[in-house]
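The structure appears below as structure tokens.
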Amino acid sequence: MFLATGTGIAPFLSYMQTFSKSPVHCLYGVRREADAVGFSSLREFCPSLLAVSREKTSHHYGRITDLLGRLPSCSETHYYCCGLENMVNEVSEWLQANDVGLRQIHREVFFHS
């Protein structure tokens with residue numbers, strides 16, 4: 001499972017170009033729809049949802065943390081989170097509260113100053 005905000009999508013786009021095995025799902029959050037780099041390619045690669053937080057579009061209006069309950073669950077799933085610190089922390093807390101073990105949560109955090 002891939003979860004990204006903003007430029008945190010970059011490692012996942014690279015993964016797409018390198019490996020043929022697709023993730024179970026991807027949640028991608030951006031401020032504006034125009035910021036959704038590579039989203040159309042991502043949707044072709046795996047089931048994906050886009051959350052747009054600063055403008056109303058045909059996608060979810062809000063944050064990716066609003067969509068966590070829509071993720072398919074499987075005890076074997078690994079969750080790869082990349083993006084802003086607040087998102088990564090909130091997603092990690094939600095996953096742990098929903099019985100996902102720490103060994104299944106992988107984090108790369110961008111600190112915002």
Fit a plane to each ring of Tyr28 and Phe39, take the angle between them on a 0 to 90° scale, and name the class: parallel (under 30°), tilted (30 to 60°) or perpendicular (over 60°). tilted
All heavy atoms of Gly8 vs all of Pro11, minimum pair found to be O-CD, 3.2 Å
At what distance, to the nearest 0.5 angstrom, does CG of Leu49 lie from CZ of Arg43? 9.0 Å
Nearest-0.5 Å distance, CG of residue Asn86 to CZ of residue Arg63: 6.5 Å
Atom pair CG (Leu68) and CE (Met1), whose distance is rounded to the nearest 0.5 Å: 9.5 Å
Single-linkage hydrophobic cluster Met87~Val30, side-chain heavy atoms < 4.5 angstrom: no
Would you give the length of the straight line joining atom OH of Tyr15 to atom NZ of Lys21, rounded to the nearest 0.5 angstrom? 6.5 Å
Just jot down the ring-ring contact (aromatic ring centres under 6.0 Å, His included) partners of Tyr61, sequence neighbours excluded, or say none. none
Which pair of heavy atoms, one from Gln104 and one from Glu76, lies closest together, and at what distance? NE2-C, 3.8 Å
Gap separating the NE2 atom of His25 from the CZ atom of Arg70, nearest 0.5 angstrom: 7.5 Å
Honestly curious: do Tyr80 and Val24 fall in one hydrophobic cluster under the side-chain, below-4.5 Å linking rule? no
Can you confirm whether Phe12 sits close enough to Phe45 that some side-chain heavy atom of one is under 4.5 Å from a side-chain heavy atom of the other? no
With rounding to the nearest 0.5 angstrom, report the CD1 to SG distance, Ile64 to Cys81. 7.5 Å
Is it possible for you to say whether Ile105 and Leu71 belong to one hydrophobic cluster, with membership spreading through side-chain heavy-atom contacts below 4.5 Å? yes
Would the distance check show the side chain of Glu108 and the main-chain N or O of Cys82 forming a donor-acceptor pair, the cut-off being under 3.5 Å? no
Starting from Val88, can I reach Val100 by hopping between I/L/V/M/F/W/Y residues whose side chains sit under 4.5 Å apart? yes
So, the side chain of Glu55 versus the backbone of Glu33: is there a donor-acceptor pair under 3.5 Å, distance only? yes
Please verify the inter-ring angle class for His78 with His106; under 30° counts as parallel, over 60° as perpendicular, anything in between as tilted. parallel
Phe2-Leu27 co-clustered via ILVMFWY side chain contacts under 4.5 Å: no
Taking the side chain as everything from C-beta on, heavy atoms only, tell me whether Asn89 gets closer than 4.5 Å to Arg107. yes
Judged by atom type as modelled, is there a donor-acceptor pair below 3.5 Å linking the side chain of Ser22 to the main-chain atoms of Cys46? no
What are the two closest non-hydrogen atoms of Leu13 and Gly38, and how far apart are they? CD2-O, 3.9 Å
Do Arg31 and Ser53 come close enough that some side-chain heavy atom pair is under 4.5 Å? yes
Can you find a heavy atom in the side chain of Arg32 that is under 4.5 Å from one in the side chain of Thr57? no
